[in-house]
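What follows is a short report on a single structure.
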Amino acid sequence: MNYRITLLPGDGIGPEIMTVAVDVLKVIGNQFNLNFEFQEAPIGGVAIDATGEPLPKETLEKCRNSDAVLLAAIGGYKWDNLPRHQRPETGLLGLRAGLGLFANLRPAKILPQLIDASSLKREIVEGVDIMVVRELTGGVYFGTPKGVFETETGEKRGVNTMAYTESEIDRIAKVGFETAQKRGGKLCSVDKANVLEVSQFWRDRITQMSSEFPDVELSHLYVDNAAMQLVRWPKQFDTIVTGNLFGDILSDAAAMLTGSIGMLPSASLGASGPGVFEPVHGSAPDIAGQDKANPLAQVLSVAMMLRYALEQPAAADKIEQAVLQVLDLGYRTGDIMSEGMKQVGCKEMAEVLLKVLSSSEV
Ligand code: IPM
Ligand code: MG
C-alpha cells in the first residue's frame with residue numbers, strides 16, 4: 001500500500017520527536033510492506049518566521065492532499081506576544097477548522113510500568129483507561145460574536161460565544177457512543193447544564209440519541225463535578241464526550257493521571273478526509289534542542305494514525321508493543337524517570353525503540 005503522509009514538525013521539541021516518528025514509520029513500512037511518501041510543511045512559529053502566517057495556504061493544501069497528517073507541536077516564548085491572528089495556536093485552530101476535524105480522541109491509559117510516575121496513589125490510578133472524546137471545531141473556541149467591543153457607555157467588553165447546533169452535537173455524540181461501544185460500553189457526557197442553555201441543549205440531544213445505542217450506558221455530569229471525580233475515582237470513567245473547552249481542560253487532567261503527558265497520543269478526525277495525529281503534550285521550548293524530549297507520545301501518535309486513518313491495526317499493535325517493551329527494559333526519558341531506571345535522551349530512546357522494533361517478529 002502507498003500512503004502520502006504530511007509531516008508538520010512545528011516548533012520546540014517538534015523536529016526532534018518527528019525524526020523518531022519518521023524512522024519508526026520507515027522500519028514498520030519495510031516490515032508490513034507499506035510505502036510512505038513524506039511531505040513536510042511549516043506550521044506555528046516556524047511558519048510565522050518563514051511566511052508571516054502560522055498556517056500558510058500551501059501547508060493546508062498539502063495536508064488536504066494526503067492520507068494522514070502527523071503533527072508534532074507548535075508554539076514558543078518567541079511568538080507569545082504576537083497579535084492573536086499571528087499566534088502559533090491560531091495555526092492549529094485553522095488546521096482543525098480547515099480539515100473539518102470535529103472529533104478529538106484523547107486516550108488516557110495508565111501503563112503499569114509508569115504507575116509510580118502518577119501523582120496519585122497507586123490504588124486510585126491502577127487500571128485507569130479513559131477515552132476523552134472532545135468536540136474540536138465548535139463551542140466557545142469558534143462561536144460568534146467574538147472579540148473586544150466598545151459598549152454604549154464607552155467601556156470595552158471582551159466577548160466569546162459558546163454555541164452548538166443540533167448537527168454539531170449529533171455528530172460528536174455519535175462518535176462518543178460508537179467509541180464507547182468499542183470500549184467498555186459506558187459513555188459519560190460532560191456539560192454545565194445547571195447554568196448554560198447551550199449545555200442543557202447538548203444534554204437533551206445526547207439523551208435523545210441514546211435510544212439508538214441501547215448497549216451503551218449513558219450518564220451525565222456537570223463539568224465541575226467531572227473534574228472532581230476524575231481525581232477522586234478515575235476508574236468510574238470509560239468514555240467521556242464533551243465540548244471543546246471542557247474537553248481541553250478535562251483531557252489535560254485525565255492525561256496527568258497517567259503520570260506523564262509525554263506518553264499520550266491523540267487523533268483528530270473529520271467526517272471524511274485526512275485526520276491529524278499528534279501528541280497531547282506541547283512544544284516544551286525549555287528543553288528544545290537539548291536531546292531531552294520524550295519521543296514516545298509522538299511514536300504512539302504514529303500508531304494511532306496507522307489504526308484510525310490507514311487501517312493497519314497490526315502495524316499499530318506492533319509499535320505499541322515495542323513502546324511497552326522499551327519501558328520494560330527500564331529506559332526512561334527525564335519526564336518519566338524513576339529510581340532504578342536508566343535515564344536516556346531522545347536519541348538513545350529512539351535507538352533502543354528502533355532496535356526492539358527491528359528485532360521482533362512481525
Ligand atoms: C490542545 C491545546 C490547544 C487547544 C491550544 C494550543 C490551541 O491546548 O490541543 O489541547 O486549546 O485546543
Ligand atoms: Mg489543551
Side-chain angles (χ1 to χ4, degrees), residues 3-29 36-56 58-63 66 68-80 82 86-92 94-96 260-268 274-305 319 323 326 331 333-336 344-354 357:
Y3 298 110
R4 185 184 292 171
I5 310 294
T6 300
L7 305 173
L8 307 176
D11 307 317
I13 59 170
E16 297 165 62
I17 58 177
M18 187 61 91
T19 306
V20 182
V22 170
D23 288 344
V24 165
L25 273 169
K26 285 181 183 158
V27 171
I28 276 290
F36 298 108
E37 181 197 322
F38 297 111
Q39 52 181 12
E40 202 175 302
I43 189 170
V46 285
I48 295 170
D49 288 350
T51 70
E53 290 173 64
L55 179 65
E58 299 74 36
T59 295
L60 188 56
E61 253 339 281
K62 274 190 183 169
C63 291
S66 54
V69 179
L70 199 56
L71 170 67
I74 54 140
Y77 315 125
K78 185 175 167 192
W79 307 283
D80 274 353
L82 288 173
Q86 281 182 337
R87 295 263 299 257
E89 289 83 351
T90 305
L92 186 57
L95 183 69
R96 291 171 180 170
S260 175
I261 202 163
M263 292 297 301
L264 297 173
S266 76
S268 303
V276 173
F277 300 83
E278 60 176 309
V280 167
H281 64 69
S283 60
D286 52 325
I287 57 162
Q290 299 171 33
D291 192 30
K292 287 183 180 164
N294 181 352
L296 297 179
Q298 186 74 53
V299 170
L300 291 170
S301 302
V302 168
M304 270 191 118
M305 176 178 87
I319 293 174
V323 167
V326 166
Y331 292 94
T333 43
D335 58 315
I336 51 174
V344 292
C346 183
K347 284 189 184 138
E348 196 176 344
M349 184 61 107
E351 274 164 31
V352 180
L353 180 72
L354 291 169
L357 261 185

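- The two residues Met349 and Tyr331 come nearest to each other via the heavy atoms CE-O, 3.6 Å.
- Here the side chains of Val323 and Leu353 are in contact, with some heavy-atom distance below 4.5 Å.
- Remark: Lys347 NZ to Asp23 CG distance equals 11.5 Å, nearest 0.5 Å.
- Using a 4.0 Å cut-off between charged side-chain N and carboxylate O, Lys78 and Asp49 make a salt bridge.
- The CD1 atom of Ile13 sits 8.5 Å away from the CD atom of Gln298 when rounded to the nearest 0.5 Å.
- Looking at Ser301, its side chain never comes within 3.5 Å of a backbone N or O of Pro265 through a donor-acceptor pair.
- Considering all non-hydrogen atoms of both residues, Pro279 and Ala297 come closest at CB-CB, 3.6 Å.
- Residues Pro285 and Asp11 fail the side-chain proximity criterion, which asks for heavy atoms closer than 4.5 Å.
- Scanning both residues, Gly12 and Pro15, for their nearest heavy atoms gives O-CD, 3.3 Å.
- To the nearest 0.5 angstrom, Thr90 atom OG1 is 10.0 Å from Leu55 atom CG.
- Here the closest non-hydrogen pair linking Asn294 and Met263 is ND2-SD, 3.5 Å.
- Leu25 places a side-chain heavy atom less than 4.5 Å from the side chain of Met305.
- When every heavy atom of Val302 is checked against every heavy atom of Ala21, the shortest pair comes out as CG2-CB, 3.6 Å.
- Considering all non-hydrogen atoms of both residues, Cys346 and Ala293 come closest at CB-O, 3.2 Å.
- Between His281 and Asp335 there is no side-chain heavy-atom pair separated by less than 4.5 Å.
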Please list, one pair per line, the donor and acceptor atoms closer than 3.5 Å that link side chains of residues 38-46 to other protein atoms, with sequence neighbours excluded.
unit_1: Gln39; atom_1: NE2; unit_2: Thr6; atom_2: OG1; d: 3.0
unit_1: Gln39; atom_1: NE2; unit_2: Lys62; atom_2: O; d: 3.0

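- Counting heavy atoms from C-beta on, the side chains of Pro54 and Ile48 come closer than 4.5 Å.
- Between the Glu16 side chain and the Gly289 main chain, a donor and an acceptor come within less than 3.5 Å of each other.
- Residue Val69 is tested with Thr59, Ile5, Leu8, Leu7 for a side chain to side chain contact (heavy atoms under 4.5 Å, CB included); the sole match is Leu8.
- Counting heavy atoms from C-beta on, the side chains of Cys63 and Val276 never come closer than 4.5 Å.
- Atom CG of Leu264 is separated from atom CG of Leu296 by 11.0 Å, given to the nearest 0.5 angstrom.
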